[in-house]
Amino acid sequence: MTAQLDHTPATDHFRSGLLFAIGSALAFGMSGPLAKSLMEAGWTPTAAVTARLAAGALAMAVFATVVRPGWVREACRHAKTVIAYGFAPIAGAQLCYYNAVSHLSVGVALLLEYTSPLLVVGWLWATTRRRPGNLVLGGVGLAIVGIMAVLDVFAGAHVNLVGVAWGLGAAVCAACYFLMSDKVSTDDGDGLDPVTLAAAGLVVGAVTVGTLGVTGIMPLTFTANDAVIAGWTTSWIVPVVLLALIPTAIAYTLGIMGIARLRPRFASLVGLAEVLFAVLAAWALLGEAMTPMQAIGGFVVLAGLALARLGDRTEKVAQASFPETPVDPPHVEQSIRRS
């Protein structure tokens with residue numbers, strides 16, 4: 001009976017976490033095409049990020065107030081985590097990526113940002129002093145190769161050192177996203193709730209980016225020009241609202257909930273699926289069709305994820321590093337008595 005208590009929650013957490021993570025990747029994949037419609041209408045990257053985060057913060061604040069009325073007090077209790085999360089994974093990742101795109105081809109910029117799983121694996125390897133298994137490392141490599149095929153980065157790629165620096169900065173911020181989201185609570189304890197972290201983090205991120213623009217550190221230009229989405233000319237308000245809801249409020253909430261239930265390095269690999277969804281979104285909204293090479297790359301990415309998951313399941317990792325790992329029998333007994 002004890003073994004069943006150990007195994008079932010871990011299995012349930014993985015399944016629900018995987019669904020949340022995939023949903024988050026799908027939502028995040030809408031960011032590029034929607035933001036591109038604004039930038040083609042004359043917005044600067046900083047303006048697009050500011051609008052996205054500010055509107056997303058407003059939407060999440062309303063949602064959090066309804067489902068978790070005490071979220072402001074909870075955020076204040078975890079102020080250091082909230083500020084760090086809003087500053088790096090939210091504000092930093094978006095600013096770095098959009099600025100990388102302004103110096104590099106979109107493919108190269110995305111590839112640089114999605115080296116974040118390597119950073120996650122390396123960080124956990126260094127801090128836990130446990131070498132990832134060969135299957136995990138093989139899955140990482142295979143997924144990266146698949147991403148290169150999906151993005152077709154070697155077809156007319158343009159490289160700029162400034163853009164490379166921005167892209168690597170985005171990768172560092174993305175790695176922080178996976179590692180910091182792993183610290184939230186998945187139960188009703190005194191931990192930081194995913195909804196609270198998403199809402200408060202978006203507020204901090206919006207203030208951070210807005211401040212950079214208002215002070216002139218980053219160029220901040222808005223226009224009232226119409227935007228074009230899927231060949232349809234519409235008001236700039238439409239992509240702003242969609243950016244706020246889908247790849248911001250929904251994506252960050254689902255992502256935090258997913259990472260809290262998955263091991264962070266595997267969650268970071270699932271996040272690579274965002275590129276696949278971004279390609280599909282670009283095809284649907286911008287008319288950019290997938291090539292046979294991109295389709296093959298998509299299957300390679302999925303194979304890498306499956307291989308990394310298989311490696312995760314065969315490794316024996318300490319509970320302190322990965323909450324999914326079954327606890328020791330004495331702790332289980334204490335948990336049963338508390339329940």
Student check: side-chain heavy atoms of D193 and E74 closer than 4.5 Å: yes
So which heavy atom on A227 is nearest to which on S37, and how close? CB-O, 3.9 Å
Could you work out, with side chain to side chain contact (heavy atoms under 4.5 Å, CB included) as the rule, every residue matching A93, not counting sequence neighbours? C173
Minimum-distance pair of heavy atoms, taken over all atoms of L254 and G23: CD1-C, 3.9 Å
Taking C-beta and beyond as the side chain, do V240 and R52 meet within less than 4.5 Å on heavy atoms? no
Holding to side chain to side chain contact (heavy atoms under 4.5 Å, CB included), I want the full list of residues that pass it with N225, two or more places apart in sequence or in another chain. A41, T223
Can you tell if the side chain of P45 reaches within under 4.5 Å of the side chain of L95, non-hydrogen atoms only? no
My understanding is that only one of L202, L197, V195 makes a side-chain contact (heavy atoms from CB on, under 4.5 Å) with Y252; could you say which? L202
Treating Ile, Leu, Val, Met, Phe, Trp and Tyr as nodes and any side-chain heavy-atom pair under 4.5 angstrom as an edge, say whether V241 and V238 lie in one connected cluster. yes
Do D226 and T234 have side chains that get closer than 4.5 Å, going by heavy atoms? no
Sequence neighbours excluded, which residues qualify as side chain to side chain contact (heavy atoms under 4.5 Å, CB included) partners of L19? none
Transitive ILVMFWY cluster of W232, excluding itself - 4.5 Å side-chain cut-off: none
Nearest 0.5 Å please: distance from the OG atom of S31 over to the CG atom of L242. 11.5 Å
Rounded to the nearest 0.5 Å, what separates atom OG1 in T50 from atom CD in Q94? 11.0 Å
If the test is side-chain contact (heavy atoms from CB on, under 4.5 Å), which one of R68, R73, H78 qualifies with T196? R68
Min side-chain heavy-atom separation V172-L168 under 4.5 Å: no
In terms of hydrophobic clustering (I, L, V, M, F, W, Y; side-chain heavy atoms under 4.5 Å; direct or indirect links), are F87 and M218 co-clustered? no
Can you find a heavy atom in the side chain of F20 that is under 4.5 Å from one in the side chain of S24? no
What verdict does the side chain to side chain contact (heavy atoms under 4.5 Å, CB included) test give for L243 and M30, after you've listed the backbone C-alpha separation in whole Å, the side-chain angles of each residue and the deciding distance to 0.1 Å? CA-CA 8 Å; L243 272 172; M30 298 290 291; over 6 Å; no
Looking at A91 and V209, what are the two nearest heavy atoms and their distance? CB-CG2, 3.6 Å
Run the side chain to side chain contact (heavy atoms under 4.5 Å, CB included) test against A170 and tell me which residues pass, sequence neighbours left out. C96, Y97, E113
I need the F222 CZ to T46 OG1 distance, nearest 0.5 Å. 9.0 Å
Check whether any side-chain heavy atom of E40 lies under 4.5 Å from a side-chain heavy atom of V228, and answer yes or no. no
Write down the atom of V82, the atom of V204, and the distance for their closest heavy-atom approach. CG1-CG2, 4.0 Å
Quiz: residues 54-64 side-chain donor-acceptor pairs under 3.5 angstrom, not counting sequence neighbours:
none

Residue pairs passing the side chain to side chain donor-acceptor pair (under 3.5 Å) test with at least one member in residues 197-222, sequence neighbours excluded, are none
Could you note down all residue pairs passing ring-ring contact (aromatic ring centres under 6.0 Å, His included) where residues 117-142 supplies at least one of them, sequence neighbours left out? none
With sequence neighbours excluded, residues passing ring-ring contact (aromatic ring centres under 6.0 Å, His included) with W236: W43
Hey, any chance W71 and V66 share a hydrophobic cluster, counting ILVMFWY side chains that come within less than 4.5 Å of each other, even indirectly? no
What about V49 and M39, same hydrophobic cluster or not, with Ile/Leu/Val/Met/Phe/Trp/Tyr joined at side-chain heavy-atom distances under 4.5 Å? yes
Please enumerate all residues that pass ring-ring contact (aromatic ring centres under 6.0 Å, His included) together with Y98, with sequence neighbours excluded. none
Might you work through the side chain to side chain contact (heavy atoms under 4.5 Å, CB included) test for I246 and L26, ending with a clear yes or no? CA-CA 9 Å; I246 301 175; L26 174 60; over 6 Å; no
Taking a hydrophobic cluster as the set of Ile, Leu, Val, Met, Phe, Trp and Tyr residues connected by side-chain heavy atoms closer than 4.5 Å, whether directly or through intermediates, do W166 and L212 fall within one such cluster? yes
